[in-house]
2 protein chains.
Amino acid sequence: MTSTEPHLPHGTRPTRQRRAVASALHSFEDFRSAQDIHDLLRRSGDPVGLSTVYRTLQALADGGEVDVLRAEDGEALYRRCSATHHHHLVCRSCGRAVEVEGPTVERWTDGVAGEHGFTDVSHTLEVFGTCPECSAPRD
Amino acid sequence: MTSTEPHLPHGTRPTRQRRAVASALHSFEDFRSAQDIHDLLRRSGDPVGLSTVYRTLQALADGGEVDVLRAEDGEALYRRCSATHHHHLVCRSCGRAVEVEGPTVERWTDGVAGEHGFTDVSHTLEVFGTCPECSAPRD
DNA sequence: CGTGGATTGACAATGGTTGTCAACTGGGTT
DNA sequence: AACCCAGTTGACAACCATTGTCAATCCACG
């Protein structure tokens with residue numbers, strides 16, 4: 001079941017490097033930095049230049065294939081994602097993220113924006129917490 | 001006393017520099033970068049060292065006196081804020097921001113997090129749009 | 001006044017990200 | 001197979017927001 005791999009923008013070449021990045025994105029489900037992914041690839045014996053990692057991640061992000069969120073310190077973190085609009089429930093301890101949908105929130109943001117006469121509305125929403133596993137007492 | 005000026009953390013000295021930064025924060029209602037504020041102060045004849053601007057903004061942010069949000073490129077942007085929990089409706093054209101409250105959203109995030117067993121929940125939410133003035137046809 | 005801790009700011013260092021550009025790759029064409 | 005050549009790569013440098021450093025300065029208090 002590897003058919004859910006992020007696809008590269010139409011018209012680009014499926015090079016070894018791009019496949020490697022796309023594949024790496026499938027090996028974890030938390031948010032990782034570009035540099036983390038670069039290291040991951042090097043250690044897994046399928047090295048890709050740092051510039052290329054950045055370029056590929058950017059292309060995937062532009063194509064909506066990966067989500068980007070900013071760490072506290074402003075560093076960009078990446079994660080593969082589904083195509084539909086969604087938000088994340090991120091564990092602030094282990095980083096694992098769950099995609100969640102929020103029709104309630106979508107309606108609310110549109111409503112609030114409308115009340116103030118704002119148009120062409122978009123929004124960002126991330127929820128942070130401690131996941132069950134991380135809050136479980138140590139065994 | 002109902003001064004709306006940002007207050008500095010308890011026990012710190014109200015120096016000229018810190019007052020200048022706090023005052024600058026009151027001269028605009030959109031989000032500005034630390035460097036913008038540094039420039040603003042220099043041009044207004046009340047110069048403050050860049051390090052001090054960063055330090056003061058950080059202290060104010062820690063004390064919940066100013067909001068921080070990240071621009072697309074990861075740059076930190078600052079704006080004075082009220083003490084209660086709130087979100088922003090930000091004009092992506094002129095940058096002006098309106099504080100909004102969302103009990104609906106608070107309830108929703110807590111609910112979703114709870115369903116997944118997440119505890120100690122917090123969240124970030126920003127709404128972007130085009131404000132009435134910016135979407136109005138030129139006068 | 002004098003003293004000491006808090007504060008400042010010029011400057012250097014850090015680090016994520018982007019720009020540069022010569023070398024390389026590989027699909028289409030002859 | 002050899003040739004093209006636009007797309008691609010990656011080592012390296014440049015960029016720039018942010019943080020660290022530390023000697024000089026300030027200021028509350030005795």
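First the proteins, then the strands, lettered A, B, ... as listed; each starts at 1. Basis for what follows: all heavy atoms, side chains included, without hydrogens, waters or symmetry-related copies.
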Quiz item: What about A/R16: does its side chain form a donor-acceptor pair under 3.5 Å with the base of C/dG26?
Solution: no
Could you state the atom-to-atom distance from [atom1] of [X] to [atom2] of [N] in whole Å?
{"X": "A/Y78", "N": "C/dG16", "atom1": "OH", "atom2": "P", "answer": "12 Å"}
{"X": "A/R18", "N": "C/dG26", "atom1": "CZ", "atom2": "C1'", "answer": "13 Å"}
{"X": "B/L50", "N": "D/dC16", "atom1": "CG", "atom2": "C1'", "answer": "11 Å"}
{"X": "A/Y54", "N": "C/dG16", "atom1": "OH", "atom2": "C1'", "answer": "5 Å"}
{"X": "A/E75", "N": "D/dA17", "atom1": "CD", "atom2": "P", "answer": "17 Å"}
{"X": "A/L57", "N": "D/dG10", "atom1": "CG", "atom2": "P", "answer": "14 Å"}
{"X": "A/L77", "N": "C/dG16", "atom1": "CG", "atom2": "C1'", "answer": "12 Å"}

Quiz item: For DNA chain C, whose closest nucleotide is more 5', that of A/Q35 or that of A/R55?
Solution: A/Q35
Contact under 4.0 Å: [X] side-chain N or O vs [N] OP1/OP2:
{"X": "B/T15", "N": "C/dT8", "value": "yes"}
{"X": "A/Q58", "N": "C/dT17", "value": "no"}
{"X": "B/R13", "N": "C/dG5", "value": "no"}
{"X": "B/S51", "N": "C/dG9", "value": "no"}
{"X": "A/Q17", "N": "D/dG10", "value": "yes"}

